Engineer: 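One structure, pasted below without further comment.
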Amino acid sequence: MSAEIICVGTEMLLGNILNSNAQYLAIQLAKLGIPHYYQTVVGDNPERLKHVIEIASQRAEILIFTGGLGPTPDDLTCETIADFFNTPLVERPEIIEDIARKYAQRGRQMTPSNRKQALIPKGAEILPNPTGTAPGIIWQPQPGLTIFTFPGVPSEMQRMWEETAVPYLRNLGWGKEIIYSRMLKFWGIPESALAEKVAAYLNLTNPTVAPYASKGEVKLRISAKAATEAAAQELIAPVHKQLQDIAGLDYYGADDDTLASVVGELLRRDKETLSVAESCTGGGLGQMLTEISGSSDYFWGGVISYDNSVKINLLGVSAEDLAKFGAVSATVAEQMALGVRSRLGTSWGLSITGIAGPTGGTETKPVGLVYIGLAKPNGEVESFEYRWGTGRSRSLVRHLSACSALDQLRRKLLTR
């Protein structure tokens, strides 16, 4: 048995809202051990929705709908489902009473259009909505097929799922096994290169391993099916260790770990401190560091040195070197790192200077060229060059640069 998630709403197709409901339901299905192979987003159109139902009902035994349960004319989910299965709608007086009571509690009067929300397919059970006016349904229109409908409002949908749908599914026998996943994270290695290294693991059955890539980061998701979370973790643990050993320093953490949080723990471990000097990232590196609770233990501050005068007067960068090599250079990156470390009195100094674009590039220094400087506790300094290319957005270049700066520091903290 498997489930399919069907999200109804033209606003999602237009990109006006993020489809967070599908993500939430996917996580919840995994917790119940219910396989889930397809998700569909369809607009507020009866014929297209019927087509989706026709396909989904042939490949899944549980159909979970979100959206389209409101009082407006384009809220067509319930009536379209009923029409597809040739079942009449019936008005349920208990729904009308519930809606009227909720309106009265808010000092308002129920409108006639709300009566539409009381129409559900004959034979369907009401899926109560404790907070909103749009109830859902639980219905088995034919043997081997169960339909759930939920409103599109995430808070309403989530409460209805937890309070009614989960107990219902557990009564059917689901929840005896769970699907538990752990996400391993890597930086500094392309997805294709990592996939080649771990190719033998991509054919495992329980646990399974699958690669992902996003904004310079590569991930390996390990998923296991077992009776309990603890049992699933036992299945995952040896595979996690083996993948970590294969990746070496390219592996930096798992699940909620970030480069900033991992660097912070290493600095805290060594009782050392960090300061940063930023040009093209405009404070993005400092923001990543300060998003971590307790970062004041090791992060003392930073300088956003956009103008060359700040680099010279505050960080002590040589005006002659700026004139000779330019602000975007290894020499200037190193002097920025040394300068901020000295001025703020920290163990480490980390700097970034580059051309984030979309303008400002030249033939010799194109958009996407970035230098990172790293000043060490012993006074030594080194720099790293990155060429992100001209096709990446300004925000992505800044993100990649800040993450790469943290990654270089992480590697030094682990290997010195």
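Please read these numbers as outputs of a predicted model, since none were measured by experiment.
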Engineer: Looking at Y251 versus H240, is the centre-to-centre ring distance below 6.0 Å?
Structural biologist: yes

Engineer: Identify whether the distance between the nearest side-chain nitrogen and carboxylate oxygen of R416 and E272 falls below 4.0 Å.
Structural biologist: yes

Engineer: Can you confirm whether S223 sits close enough to P207 that some side-chain heavy atom of one is under 4.5 Å from a side-chain heavy atom of the other?
Structural biologist: no

Engineer: Check the pair T87, W139 against side chain to side chain donor-acceptor pair (under 3.5 Å), reporting the backbone distance first and the verdict last.
Structural biologist: CA-CA 11 Å; T87 301; W139 187 33; 5.6 Å; no

Engineer: Considering all heavy atoms of both residues, which atom of V262 and which atom of Y252 are nearest to each other, and what is their separation?
Structural biologist: CG2-O, 3.4 Å

Engineer: Going through the distances and angles, do N114 and T111 end up as a side chain to side chain donor-acceptor pair (under 3.5 Å)?
Structural biologist: CA-CA 6 Å; N114 284 111; T111 62; 2.7 Å; yes

Engineer: What is the distance from atom CG of L274 to atom CH2 of W348, rounded to the nearest 0.5 Å?
Structural biologist: 9.5 Å

Engineer: Could you give me the CA-CA distance, side-chain angles and deciding distance for Q242 and D245, then say whether side chain to side chain donor-acceptor pair (under 3.5 Å) is met?
Structural biologist: CA-CA 5 Å; Q242 292 159 18; D245 291 344; over 6 Å; no

Engineer: Ring pair (Phe, Tyr, Trp, His ring centres under 6.0 Å) with Y168: which of W174, W161, F148?
Structural biologist: F148

Engineer: Please round to the nearest 0.5 Å and tell me the distance separating atom CG of L322 and atom OG of S329.
Structural biologist: 7.0 Å

Engineer: Pairs under 3.5 angstrom only: tabulate donor-acceptor contacts from the side chains of residues 286-293 to other protein residues two or more places apart or in another chain.
Structural biologist:
unit_1, atom_1, unit_2, atom_2, d
T290, OG1, G286, O, 2.9
T290, OG1, Q287, O, 3.3

Engineer: Do the non-hydrogen side-chain atoms of T164 and I138 ever get within less than 4.5 Å of each other?
Structural biologist: yes

Engineer: If you apply the rule salt bridge (Lys or Arg N to Asp or Glu O under 4.0 Å), what do you find for E191 with K219, and how did you get there?
Structural biologist: CA-CA 8 Å; E191 180 186 15; K219 301 176 182 178; over 6 Å; no

Engineer: Tell me, do T133 and N129 make a side-chain contact under 4.5 Å, heavy atoms counted?
Structural biologist: no

Engineer: Would you check if L145 and Q140 make a side-chain contact, meaning some heavy-atom pair closer than 4.5 Å?
Structural biologist: no

Engineer: Atom OG in S261, atom CG in L259: separation rounded to 0.5 Å?
Structural biologist: 8.0 Å

Engineer: Would you say the side-chain atoms of Q233 and Y180 include a donor-acceptor pair closer than 3.5 Å?
Structural biologist: yes

Engineer: Do you know which two heavy atoms are closest between R59 and T40, and how far apart they sit?
Structural biologist: NH2-OG1, 4.1 Å

Engineer: Do I64 and I6 touch side chain to side chain, with heavy atoms closer than 4.5 Å?
Structural biologist: no

Engineer: Evaluate the ring planes of H399 and W187, with Trp represented by its six-membered ring, and classify them as parallel (under 30°), tilted (30 to 60°) or perpendicular (over 60°).
Structural biologist: perpendicular

Engineer: Please report the closest heavy-atom contact between A134 and Q117, naming both atoms and the distance.
Structural biologist: CB-NE2, 3.3 Å

Engineer: Is there side-chain contact between V276 and S351, with heavy atoms separated by less than 4.5 Å?
Structural biologist: no

Engineer: If I compare all heavy atoms of R182 with all of A254, which pair ends up nearest, and what's the gap?
Structural biologist: CG-CB, 4.3 Å

Engineer: Is T10 reaching over with its side chain to a backbone N or O of D44, donor-acceptor style, under 3.5 angstrom?
Structural biologist: yes

Engineer: Does this structure show an ion pair linking K116 with D75, if we count only N-O contacts that are shorter than 4.0 Å?
Structural biologist: no

Engineer: One thing to verify: whether K215 and E217 come together as a salt bridge, which I'm taking to mean a side-chain N less than 4.0 angstrom from a carboxylate O.
Structural biologist: no

Engineer: With no hydrogens and no angle check, is any side-chain donor or acceptor of T208 less than 3.5 Å from a backbone partner on L204?
Structural biologist: no

Engineer: What pair of heavy atoms forms the shortest contact from S113 to P71, and how long is it?
Structural biologist: O-CB, 3.6 Å

Engineer: Give a yes/no verdict on a cation-pi contact between R221 and Y212, requiring under 6.0 Å between NZ or CZ and the six-membered ring centre and an angle within 45° of the axis.
Structural biologist: no

Engineer: Decide side chain to side chain donor-acceptor pair (under 3.5 Å) for Y386 and Q408; before the verdict, give the C-alpha distance in whole Å, the side-chain angles of both, and the deciding distance to 0.1 Å.
Structural biologist: CA-CA 12 Å; Y386 290 87; Q408 290 295 348; 2.7 Å; yes

Engineer: Less than 4.0 Å between a side-chain N and a carboxylate O, is that true for K31 and E229?
Structural biologist: no

Engineer: Taking all atoms of both residues into account, what is the closest heavy-atom pair of M160 and L127, and its distance?
Structural biologist: CE-O, 3.5 Å

Engineer: Is the backbone N or O of Y103 less than 3.5 Å from a side-chain atom of R108, with the two atoms forming a donor-acceptor pair by type?
Structural biologist: no

Engineer: Could you go through R411 and D250, starting from their C-alpha distance and side-chain angles, then the distance that decides it, and tell me whether this counts as salt bridge (Lys or Arg N to Asp or Glu O under 4.0 Å)?
Structural biologist: CA-CA 9 Å; R411 291 170 186 260; D250 291 327; 2.8 Å; yes

Engineer: Kindly compute the distance separating CD (Q28) from CG (L32), expressed to the nearest 0.5 Å.
Structural biologist: 7.0 Å

Engineer: Can you tell me how far the CD1 atom of I17 sits from the CG atom of L13, to the nearest 0.5 Å?
Structural biologist: 10.0 Å

Engineer: Check whether any side-chain heavy atom of R410 lies under 4.5 Å from a side-chain heavy atom of L406, and answer yes or no.
Structural biologist: no

Engineer: Could you tell me the separation between the CG atom of D297 and the CZ atom of R268, rounded to the nearest 0.5 Å?
Structural biologist: 4.5 Å

Engineer: I'd like to check the salt bridge (charged side-chain N to carboxylate O under 4.0 Å, His left out) partners of E91; sequence neighbours left out, ordered by chain and number.
Structural biologist: R115

Engineer: Is the shortest heavy-atom distance from the side chain of S305 to the side chain of E278 under 4.5 Å?
Structural biologist: no

